Amino acid sequence: MPDDSFASARAGKPAGFAALVRLHQSLVYGIALRMLMDRALAEDLSQEVFLQLHQNIRAIESHEHLAFWLRRVTAHRAIDRLRQNRRIETIALEDDAEIFAATPDDDPLLRKHLHGLILQLAPVARAVVLLRYQEDLDPVEIARTLEIPVNTVKSHLKRSLSALREKLSGVACVSL
Amino acid sequence: MSEDLDNTLRKALRRVDPGEDFTARVLARVAAEARSESSGDMRSANRSVSRLVWLPVALAASLVLAVVVTYEWQARRERAGLEARDQVIEALRVTSEKLDLAYQIVNSPPPSRTPDDAGA
């Protein structure tokens with residue numbers, strides 16, 4: 001029960017905190033992995049986020065606040081990490097099945113272009129795309145999470161989708 | 001097309017699970033951090049105890065030093081004052097001798113005239 005685990009975690013009970021981690025680990029790890037494109041770094045960053053949560057759990061007021069907090073802290077830490085180390089070794093294209101979830105009608109070309117697109121994006125633009133499509137946030141929520149203007153969010157989304165469409169339409173023309 | 005692309009992206013970018021042991025690794029790290037903080041707290045507590053022992057000693061030493069320095073300063077002032085007094089006394093003595101000499105010169109009878117000087 002999410003509410004029980006939240007109250008239990010706030011009360012300092014390890015079992016409650018463990019339940020919260022299990023509940024939200026895919027949110028945190030997903031953002032970290034697609035931001036950093038490196039499993040080891042994503043694991044390390046995810047652990048740091050939950051460590052920070054453990055230290056600040058009493059400041060979290062509700063489940064909604066918790067999700068917002070986790071997205072914000074994960075995205076900001078990942079952006080900072082990318083800015084500090086622009087030469088992070090990125091995951092090989094052939095190993096990216098985990099990063100870009102395989103679907104029943106999996107299109108390897110889509111995965112390839114998505115991979116390329118993500119790598120090209122600046123850290124903040126990358127975070128915008130992930131918060132939009134992994135977390136299904138609208139531009140206002142993304143702006144609040146990343147503490148940037150709404151118009152900047154919209155601009156990043158527009159350019160990113162336009163770049164992806166261009167890559168995909170180019171592939172479609174070739175295949176015809 | 002736009003909606004298709006949006007849906008495709010949502011499917012491709014679903015959340016990723018880090019694996020079953022992730023929670024255990026997080027809890028282990030939390031425990032390690034707590035141990036590290038508590039040993040840091042113990043070191044900090046030991047430092048506080050050391051400070052409590054050494055503080056009065058340091059204060060006492062500072063007080064003694066202040067007393068010694070003040071005493072020495074006053075002694076020097078006193079010596080300088082005595083030297084100045086001696087110099088003044090010497091100056092007055094010299095002045096007094098000179099004044100006595102001047103008084104004697106002023107008050108001594110004029111030298112008497114010789115017979116050659118009178119009725120020439």
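What you are looking at is a predicted structure, and each value in this text was computed from that prediction instead of being measured. All values below were derived from every heavy atom in this structure, side-chain atoms included, with hydrogens, water molecules and symmetry-related copies excluded. Letters A, B, ... mirror the listed sequences (proteins, then strands); counts begin at 1.
Using a 4.5 Å cut-off between side-chain heavy atoms of Ile, Leu, Val, Met, Phe, Trp and Tyr, with links allowed through other members, A:Leu121 and A:Leu130 fall into the same hydrophobic cluster.
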Apply side-chain contact (heavy atoms from CB on, under 4.5 Å) to B:Phe22 and A:Glu43, showing your working.
CA-CA 8 Å; B:Phe22 178 78; A:Glu43 163 89 20; 3.7 Å; yes
Check step by step if side-chain contact (heavy atoms from CB on, under 4.5 Å) holds for B:Glu33 and A:His54.
CA-CA 10 Å; B:Glu33 189 69 22; A:His54 187 261; over 6 Å; no
Passes side-chain contact (heavy atoms from CB on, under 4.5 Å), B:Leu9 versus A:Val129? Steps please.
CA-CA 9 Å; B:Leu9 285 172; A:Val129 168; 5.8 Å; no
Run the numbers on B:Arg14 and A:Gln134 for side-chain contact (heavy atoms from CB on, under 4.5 Å), then give the verdict.
CA-CA 5 Å; B:Arg14 284 198 307 263; A:Gln134 178 186 304; over 6 Å; no
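Smallest separation of non-hydrogen atoms from B:Gly19 and A:Gln25: O-NE2, 3.5 Å. Nearest heavy-atom pair across A:Tyr29 and B:Asp17 is CD2-C, 4.1 Å. Looking at every heavy atom in both residues, B:Leu13 comes nearest to A:Arg34 through O-NH1, 3.0 Å.
Atom CD of B:Glu72 has more than 12 heavy atoms from other residues, nucleotides or ligands within 6.0 Å.
By the 4.0 Å N-to-carboxylate-O rule, B:Arg15 lies too far from A:Asp136 to be salt-bridged with it.
The closest side-chain heavy-atom distance from B:Asp6 to A:Tyr133 is below 4.5 Å. Annotation: side chain of B:Val26 is in contact with side chain of A:Phe17 (closest heavy-atom distance under 4.5 Å).
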